[in-house]
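The structure appears right after this line, and notes come after that.
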Number of protein chains: 2
Amino acid sequence: MDRPLNIDELLCFSVYSVNHAIARLYRPLLTPLGLTYPQYLVLVALWDRDKRRVNDLGADLQLDTNTLTPLLKRMEAADLLTRQRNPQDERSLIVALTDKGRSLQEKAAELTACVLEAMGGDVAELADLRDRLQTLRDRLEGEERSRGG
Amino acid sequence: MDRPLNIDELLCFSVYSVNHAIARLYRPLLTPLGLTYPQYLVLVALWDRDKRRVNDLGADLQLDTNTLTPLLKRMEAADLLTRQRNPQDERSLIVALTDKGRSLQEKAAELTACVLEAMGGDVAELADLRDRLQTLRDRLEGEERSRGG
DNA sequence: AGCGATTATATCGTGTGCGATGTATATGGG
DNA sequence: CCCATATACATCGCACACGATATAATCGCT
């Protein structure tokens with residue numbers, strides 16, 4: 001079977017369109033909290049580990065400073081976090097949650113439950129899907145590095 | 001287990017980060033062809049079914065005209081497709097491939113092979129992953145419609 | 001035929017992503 | 001101590017996405 005693939009047959013498109021579908025699911029839930037979807041992901045990373053350098057956050061989220069700097073500035077302006085130079089190394093910037101940023105974690109818990117329900121509620125299957133995707137991601141990142149990325 | 005989830009435990013983040021990883025994989029392969037990743041997806045859709053209205057393309061790609069119109073204009077400027085009003089209904093715009101747009105399909109075949117290899121090459125497993133993601137997407141879209149999306 | 005509602009596309013503003021480049025700080029070899 | 005190099009972050013430009021809104025064409029009801 002060597003015919004050209006239909007768009008619905010491409011794994012890359014499934015990932016692309018599920019990503020947008022999930023963002024569309026989150027958006028109306030996040031807007032009342034004054035958050036965008038990427039901003040929410042930044043908060044999730046900080047709730048797990050606070051007071052981190054921009055690069056370390058970027059390693060978690062797979063984002064470079066050209067994306068993170070303006071994003072973090074907007075979040076600073078919204079009083080969700082602070083950005084302060086590290087006195088030990090003036091090059092690096094420490095990102096830390098404010099009380100407001102921390103306080104949103106409780107509301108996010110309800111949000112997670114809501115999203116889980118929209119996804120079908122079968123937690124075991126969703127966890128399996130997540131693990132397969134992470135395996136794929138790790139493989140792609142290895143590939144990238146081996147080609148000098 | 002009711003503790004807050006780590007970012008790597010969120011399915012939404014797996015999808016988000018795999019999507020970017022795939023885009024990063026495609027980008028260096030598409031740039032020599034003068035294409036961006038979303039533009040490539042538009043071409044895949046048109047290779048399957050040419051001469052379509054913007055809305056119909058949008059239904060395939062899950063994109064609205066606010067995204068598609070400028071994207072298609074750029075592709076028209078790159079001589080990949082034409083945009084012409086439908087004489088039967090002057091509201092609608094017919095998007096059709098040019099020879100150049102059609103000719104890229106051959107080169108894209110090599111590209112698909114290359115991507116498949118980077119993903120690990122186990123076609124059956126990748127197809128299974130794709131099907132699970134499509135099931136999830138359909139569930140999310142149904143959810144969206146049932147809430148008046 | 002007339003006109004409000006619907007449909008199809010376009011425009012605008014904001015917020016990501018990212019390649020390319022710039023700037024400031026630290027580090028290490030001589 | 002000096003300077004090349006590396007590191008950490010910032011800036012710029014372009015291309016998506018998308019909510020909100022606008023515009024033009026068609027439809028449907030009377």
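In what follows, every chain begins at residue 1, and chains take the letters A, B, ... in the order their sequences are listed. In what follows, every heavy atom counts, from backbone to side chain, and hydrogens, waters and symmetry copies are set aside. Because the structure is predicted, anything quoted here is derived from the model rather than measured.
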- Query: Could you run down nucleotides 19-28 of chain D 5' to 3' and tag each one B, S or - for protein heavy-atom contact under 4.0 Å?
  - Reply: BB----BS--
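One can place CG of N55(A) at 6 Å from P of dA8(D), the figure rounded to the nearest angstrom. The CG-P distance, from L61(B) to dC16(D), rounds to 12 Å in whole Å. Following rounding to the nearest Å, L63(B) (CG) and dC16(D) (P) show an atom-to-atom distance of 10 Å.
A donor-acceptor pair under 3.5 Å is absent between the side-chain atoms of D64(B) and the main chain of N66(B), judged by distance alone.
Residues meeting the ring pair (Phe, Tyr, Trp, His ring centres under 6.0 Å) test with Y26(B), sequence neighbours left out: Y37(B), Y40(B). When the salt bridge (charged side-chain N to carboxylate O under 4.0 Å, His left out) test is applied to R91(A), the partners found at least two apart in sequence or on another chain are D89(A).
By the 4.5 Å heavy-atom criterion applied to side chains, C12(B) and V115(A) are not counted as neighbours. Side-chain contact between L72(A) and L93(A): absent, with no pair of heavy atoms (C-beta onward) separated by less than 4.5 Å. Between V95(A) and R53(A) there is no side-chain heavy-atom pair separated by less than 4.5 Å. When side chains are defined from C-beta on, D48(B) does not count as touching D60(B), because their heavy atoms never get closer than 4.5 Å. Within the 4.5 Å cutoff, the side chain of L33(A) has heavy atoms near those of the L111(A) side chain. For the pair E76(B) and R83(B), the minimum side-chain heavy-atom distance is below 4.5 Å.
Side-chain N/O atoms of R83(A) include none lying less than 4.0 angstrom from OP1 or OP2 on dA8(D).
On the nucleic acid side, DNA chain C contacts chain B at distances under 4.0 Å to non-hydrogen atoms, with the end points of that region at dT7(C) to dG19(C).
Nearest heavy atoms, L97(A) versus R102(A): O-NH1, 3.6 Å. The minimum heavy-atom distance linking D79(B) with T98(B) is given by the pair O-OG1, 2.7 Å.
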- salt bridge (Lys or Arg N to Asp or Glu O under 4.0 Å) assessment of D56(B) paired with R49(B): CA-CA 10 Å; D56(B) 296 337; R49(B) 282 194 282 165; over 6 Å; no
- Would you please test L30(A) and T36(A) for side-chain contact (heavy atoms from CB on, under 4.5 Å) and show each step? CA-CA 6 Å; L30(A) 290 171; T36(A) 66; over 6 Å; no
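Only T36(A), P38(A), Q39(A), listed by number, bring a heavy atom of residues 35-52 of chain A to less than 4.0 angstrom from any atom of DNA chain C. The stretch residues 70-81 of chain B touches DNA chain C through K73(B), each having a heavy atom under 4.0 angstrom from the strand.
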